[in-house]
Amino acid sequence: MGQLKFLLAVWKANLLSAMEYRVAFLSQVIGMMLNNFMYFAIWIVFFQRFKDVNGWGLNDMWVTFGVLASAFGLVSLLFGNAFNLSDIIMKGRLDYYLSLPRPVLLHAVASRMIGSGMGDFTYGFISYALSGLFSWDGLARFLLATLLAAVVFASFLIIIQSLAFWLGMLTNFTNVMINAILTFGIYPATLFDTTAKFVLFTIIPAAFMGSLPADLIRTFSWTTLGQLFLGAFVFLCLATSLFRLGLRRYESGSGIQVEV
Amino acid sequence: MKKYLSIFKIQVVNSLAYPGELVGRSLMIIPFMWVFYQLWSVTFRSTGAEAINGLTLRDTLWYLMMAETIELGRPRIARTVAENVKDGSIAYLLNKPYDFMLYQFSTSMGETVFRTATNALFGGAITWWLVGPPPHLSNWTLALVAVMGAWILNFAMNALIGLAAFVAEDVAPFEWIYQKLAFIFGGLLIPLDFYPQWLQTLSRFLPFSSMVYAPARLFVAPNAGGFTSIIALQFFWIMALSLALSLAYRKGLTYLTVNGG
């Protein structure tokens, strides 16, 4: 409960800070929604021409794209530093978080809000509403699926960024991995063979961000829900364990200071 | 002209100073090409046709490789120009004995050369492995000329977006939207040949098709007639955008206030 109160306070401070530049914040939100819609227009053109890909149609794409965008947006909004954790580690900026009586990882990743994430998060709901598969219980599943997909995505970011404890600066590697999970997450699951699917559930868990949550939203199934919960739990445990393990190797940037 | 060539050379050397960075960035093309292969092989199989609108699976993949190489190779010059405007460093560049826009052009080209080369190398290797050798190996020169035209057009568009920082707080949304326009009207993810007729006609006239589609299509199906019309259209857009850029730059300078320094 104490951690939740702390998180709420951090998020409130982030929001107030983002709102200092109101015009920039709003232009990022609207710009990102427009950006997503324009990207999706390519899929509209594709499915108008080819109708379906191994049983996957435009409606399925709206849902998949929607849940992926909302999950991505949620992580950008609430845990924006997860995108540049390796940079924080390498520059010794973890010192600041280590000097305070709060969980280091949680505090570090929650300390930044990416304004455009609001555009992604909102667009996801619009995408779902436009899918033609909208229902109220479906919306509840959409919310749950977005939350679980966001946990997997945030965990994945923490895992790849924590490798910086052992391997040093990883900007390009992390960019490749982030692009890979987003690219594979958007594409229809029916495209991939068994080996590729194994990769998409493990090394690059894109299936937990796109096709699997989309399956749950379209039709409820305990198996799919169980898979999503299991995926979120396993990746979260992996992420926190890897970060803790890495923290033992952390070298201070001699930047310990308490800001009052 | 000599000084701009020197700036270009310095930037080329700079881009080679961190080979790991250069290679790491270029690796991104590999997952893209792999997922394209999955999508288009399933699509071609489902239509049951050997070729769709004149393009076979091999043509489509090589087309996409070239399109991605151009897209991933282009430097984000809009951000650099916008940063120069926002942090005021433009003031320090203005009093140097060179033209600010030509300076940016030279650095942009210097950055592009090896980025494009490494993307083409990795992209080409995986595409070759997936679908076999590229078609029409002998006519790469035609495509290369069109690629250079695409680079100039891309610079002009990006610099225009960067100069918007004179009046807007944040130019990132303009950059995203420009990128998506290039995706749609440039045929970055789907060749324009697969579009409905009305969208093909519209796209072919816009500058985005000259930036992506034209060089990529020439790469897989070169022909002298097509080459001439592509170069003519590129020339038209280069002239139009250069004029717009020049006007925007002059207008932008009137907003600039330099306080000491």
Side-chain angles (χ1 to χ4, degrees), chain A residues 21-56 115-116 119 168-193 196 199-200 204 206, chain B residues 18 20-47 49 52-53 68 72 86 122 164-165 168-196 199-200 203:
Chain A
Y21 302 95
R22 212 158 290 197
V23 177
F25 179 78
L26 282 175
S27 69
Q28 284 204 350
V29 172
I30 296 166
M32 187 50 82
M33 287 170 69
L34 205 58
N35 169 64
N36 286 341
F37 182 76
M38 288 171 73
Y39 180 78
F40 196 77
I42 296 167
W43 283 109
I44 297 176
V45 172
F46 179 87
F47 280 104
Q48 262 191 352
R49 176 77 170 80
F50 299 107
K51 304 303 170 205
D52 81 271
V53 177
N54 276 3
W56 198 275
S116 59
M169 208 62 172
L170 289 167
T171 316
N172 285 321
F173 170 75
T174 52
N175 282 341
V176 170
M177 293 305 270
I178 293 169
N179 270 306
I181 193 171
L182 296 176
T183 306
F184 296 147
I186 292 168
Y187 280 78
T190 49
L191 287 181
F192 304 108
D193 58 22
V199 173
L200 299 181
I204 305 168
Chain B
Y18 302 100
E21 167 88 10
L22 192 67
V23 170
R25 196 177 292 196
S26 306
L27 289 176
M28 221 176 280
I29 200 168
I30 295 174
F32 286 152
M33 291 314 302
W34 184 72
V35 84
F36 283 149
Y37 171 71
Q38 303 284 339
L39 175 69
W40 289 104
S41 52
V42 168
T43 307
F44 271 81
R45 248 199 326 271
S46 70
T47 60
I52 303 171
N53 291 16
E68 284 296 326
L72 295 173
K86 279 160 72 179
F122 288 111
E169 264 184 40
D170 188 3
V171 299
F174 300 129
E175 211 188 341
W176 301 332
I177 290 164
Y178 158 66
Q179 192 193 32
K180 294 307 169 297
L181 286 172
F183 275 26
I184 300 171
F185 297 114
L188 183 71
L189 302 177
I190 305 171
L192 294 187
D193 308 75
F194 299 166
Y195 282 15
L199 193 53
Q200 274 190 47
S203 306

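In what follows, chains are A, B, ... by sequence order, proteins preceding strands, each numbered from 1.
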Supply the atom-to-atom distance B:Lys180 NZ to A:Phe37 CZ, rounded to the nearest 0.5 angstrom. 14.0 Å
Between B:Ile30, B:Val23, B:Thr47, B:Ile52, which shows the greatest number of heavy-atom pairs under 4.5 Å with chain A? B:Ile52
So, using ring-ring contact (aromatic ring centres under 6.0 Å, His included) as the criterion, who are the partners of A:Phe192 when residues are at least two apart? B:Trp34
Could you tell me which portion of B:Phe185 (side chain, backbone, both or neither) has an atom closer than 4.5 angstrom to a non-hydrogen atom of chain A? neither
Checking heavy atoms, do the side chain of A:Tyr187, its backbone, both or neither come under 4.5 Å from chain B? side chain
Portion of B:Leu189 that has a non-hydrogen atom of chain A nearer than 4.5 angstrom: side chain
Could you grab the distance from atom CG of A:Asn54 to atom OG1 of B:Thr43, nearest 0.5 Å is fine? 8.5 Å
Interface residue of largest heavy-atom contact number with chain A, from B:Leu188, B:Leu181, B:Leu27, B:Leu199, under 4.5 Å: B:Leu181
Where on A:Trp43 is there a heavy atom nearer than 4.5 Å to chain B: the side chain, the backbone, both, or neither? side chain
Quick check: do A:Phe46 and A:Val53 have side-chain heavy atoms less than 4.5 Å from each other? yes
Taking all non-hydrogen atoms of both residues, which atom of A:Phe47 and which atom of A:Trp56 are closest, and how far apart? CE2-O, 3.1 Å
